[in-house]
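To start, the structure itself, in structure tokens.
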Number of protein chains: 2
Amino acid sequence: MPLAAELKSRGLPITRSRRAIAEFLDASTAALSAIEIIDHLHSQGITVNKTTVYRELDILEREHLVVELDMGDGLKRYELSPRQHHHHLFCASCKKVVCLPVEQDLGEVEKQLENQTNFKISGHDLKFFGTCSDCLSITGRDQDE
Amino acid sequence: MPLAAELKSRGLPITRSRRAIAEFLDASTAALSAIEIIDHLHSQGITVNKTTVYRELDILEREHLVVELDMGDGLKRYELSPRQHHHHLFCASCKKVVCLPVEQDLGEVEKQLENQTNFKISGHDLKFFGTCSDCLSITGRDQDE
DNA sequence: CTCTGTGCAAACGATTTGCATGATG
DNA sequence: CATCATGCAAATCGTTTGCACAGAG
């Protein structure tokens, strides 16, 4: 179910801002920051105040429809709540975030760590960093062009 | 070699602030934020301006004597440059950061990912989150005490 | 009238920068 | 005097908050 419909089914009114933000999140394969959402909407001629965007993201998070994602560059990003646990790949150049299926059972590792460290482990976060093929082909070109 | 000595060997003068910051980093097993360093020094009666601390951390990073660490809570932390790659465990309660030896060869996974995704992968970051035994024993106590 | 949603301005908090001063060689 | 360290205030930047108002039920 699309985000907007999901919100509506929970009794939240579908306003123009809410619909625009929800649809952009639905349409995007990448995790989005508030700033990216604002810029995108403005480029579409839709004026939304940043406060509205931040508040909307809070609501979506509270409704567990999106989750916060931290790629370590100081921006909070949000992605649709994943059906299954996965990891991320982050392009240092264009900031694109690609989702990756889980490759190995880190849950096993967590149990081992609990025994070794006496921590109660609640989860993990595995990120890969690099440059995506798009950015590679751009930066790979002759700089004089 | 202690941090301060290392800095001196590189021609940087050892001032009171520099020594204090370096010694605290040397003595600490955890990754430290600028704020933690400032608070600690102030509690020791050593007045250092925050600007000085931030600048000192920049210098140490530029000299590759410390590395920046992002635990996703909005603060930059710094740890002595590790001799070997490792991962981290982060206590959500007291913000303690514990280092972990590498459990598995994620380098292998990186190669697989490069083939699957066309990313050029430069590294990864694996963090575990939870609560340390100290904090567990505190929060586990009867709240009425 | 009572909710929310909205916008604007101001506050926030960690970090950075500009600029003047101080210490050291 | 030349260099670098230092302190202070102000700026920055993403994010949050306070407050007033608009719009729907």
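All of these numbers come straight from a predicted model, not from anything done at the bench. Numbers restart at 1 for each chain; the letters A, B, ... are given by sequence-line order, proteins then strands.
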For A/Ile14 and C/dT4, what is the distance between atoms CD1 and P respectively, to the nearest whole Å?
15 Å
Sub-4.5 Å side-chain heavy-atom contact between B/Phe119 and A/Val98
yes
Nearest heavy-atom neighbours spanning A/Ile37 and A/Phe24:
CA-CE2, 3.8 Å
Donor-acceptor contact present, side-chain A/Thr52 to main-chain A/Val48, <3.5 Å
no
Tell me the bend of the helix from C/dC1-D/dG25 to C/dG25-D/dC1 as the angle between end helix axes, each from five pairs, rounded to the nearest 10 degrees.
10°
Listed by chain and number, what are the side chain to side chain donor-acceptor pair (under 3.5 Å) partners of B/Asp39, not counting sequence neighbours?
none
Give every residue pair that meets the salt bridge (charged side-chain N to carboxylate O under 4.0 Å, His left out) criterion with at least one member in residues 69-78 of chain B, sequence neighbours excluded.
B/Glu36-B/Arg77, B/Asp73-B/Arg77
Write out a two-atom table: protein N or O, nucleotide N or O from nucleotides 20-24 of chain C, distance below 3.5 Å.
none

Only one of B/Arg19, B/Lys50, B/Arg18, B/Arg62 passes salt bridge (Lys or Arg N to Asp or Glu O under 4.0 Å) with B/Glu56; say which it is.
B/Arg18
Tell me, please, which residues at least two apart from B/Glu114 pass side chain to side chain donor-acceptor pair (under 3.5 Å).
B/Lys120
Side chain proximity check, B/Cys94 to B/Cys132, heavy atoms < 4.5 angstrom:
yes
Sub-4.5 Å side-chain heavy-atom contact between B/Ser122 and A/Thr131:
no
For the residue pair B/Ala31 and B/Val97, what are the closest heavy atoms and their distance?
N-CB, 4.0 Å
Which two nucleotides bound the region of DNA chain D that has atoms under 4.0 Å from heavy atoms of chain A, read 5' to 3'?
D/dG14 to D/dG18
Kindly state each residue pair satisfying ring pair (Phe, Tyr, Trp, His ring centres under 6.0 Å) with at least one member in residues 84-104 of chain B, sequence neighbours excluded.
B/His85-B/His87, B/His85-B/His124, B/His86-B/His88, B/His87-B/His124
Rounded to the nearest Å, what distance is computed from the OH atom of residue A/Tyr54 to the P atom of nucleotide C/dA11?
18 Å
Which residue pairs pass the salt bridge (charged side-chain N to carboxylate O under 4.0 Å, His left out) test with at least one member in residues 80-101 of chain A, sequence neighbours excluded?
A/Lys96-A/Asp134
Whole-Å distance between C/dG5 C1' and A/Lys8 NZ?
17 Å
Of all residues at least two apart in sequence or in a different chain, which pass the side chain to side chain donor-acceptor pair (under 3.5 Å) check with A/Thr51?
A/Asn49
Stretch residues 19-36 of chain A: residues that reach within less than 4.0 Å of DNA chain D through a heavy atom:
A/Ala34, A/Ile35
List every contact pair, protein side and nucleotides 6-8 of chain C side both N or O, where the distance is under 3.5 Å.
from	atom 1	to	atom 2	distance (Å)
C/dT6	OP1	A/Thr15	OG1	2.6
C/dT6	OP1	A/Ser17	OG	3.2
C/dG7	OP2	A/Asn49	N	3.0
C/dG7	OP2	A/Thr52	OG1	2.7
C/dG7	N7	A/Arg55	NH2	3.0
C/dG7	O6	A/Arg55	NH1	3.4
C/dG7	O6	A/Arg55	NH2	3.0
C/dC8	N4	A/Thr51	OG1	3.3

Are B/Leu60 and B/Tyr78 packed together at the side-chain level, in the sense that at least one heavy-atom pair is separated by less than 4.5 angstrom?
no
Mind checking whether A/Asp125 and A/Lys127 have side chains closer than 4.5 Å, heavy atoms only?
yes
What distance do A/Leu65 atom CG and A/Leu3 atom CG have between them, rounded to the nearest 0.5 Å?
6.0 Å
side-chain contact (heavy atoms from CB on, under 4.5 Å) between A/Asp105 and A/Glu108, worked out
CA-CA 6 Å; A/Asp105 190 3; A/Glu108 261 315 307; 3.6 Å; yes
Quick check against the 3.5 Å criterion: does B/Ser9 have a side-chain atom that pairs as donor or acceptor with the backbone of B/Glu6?
yes
Any residue of residues 69-78 of chain A with a heavy atom less than 4.0 Å from an atom of DNA chain D
A/Gly74, A/Leu75, A/Lys76
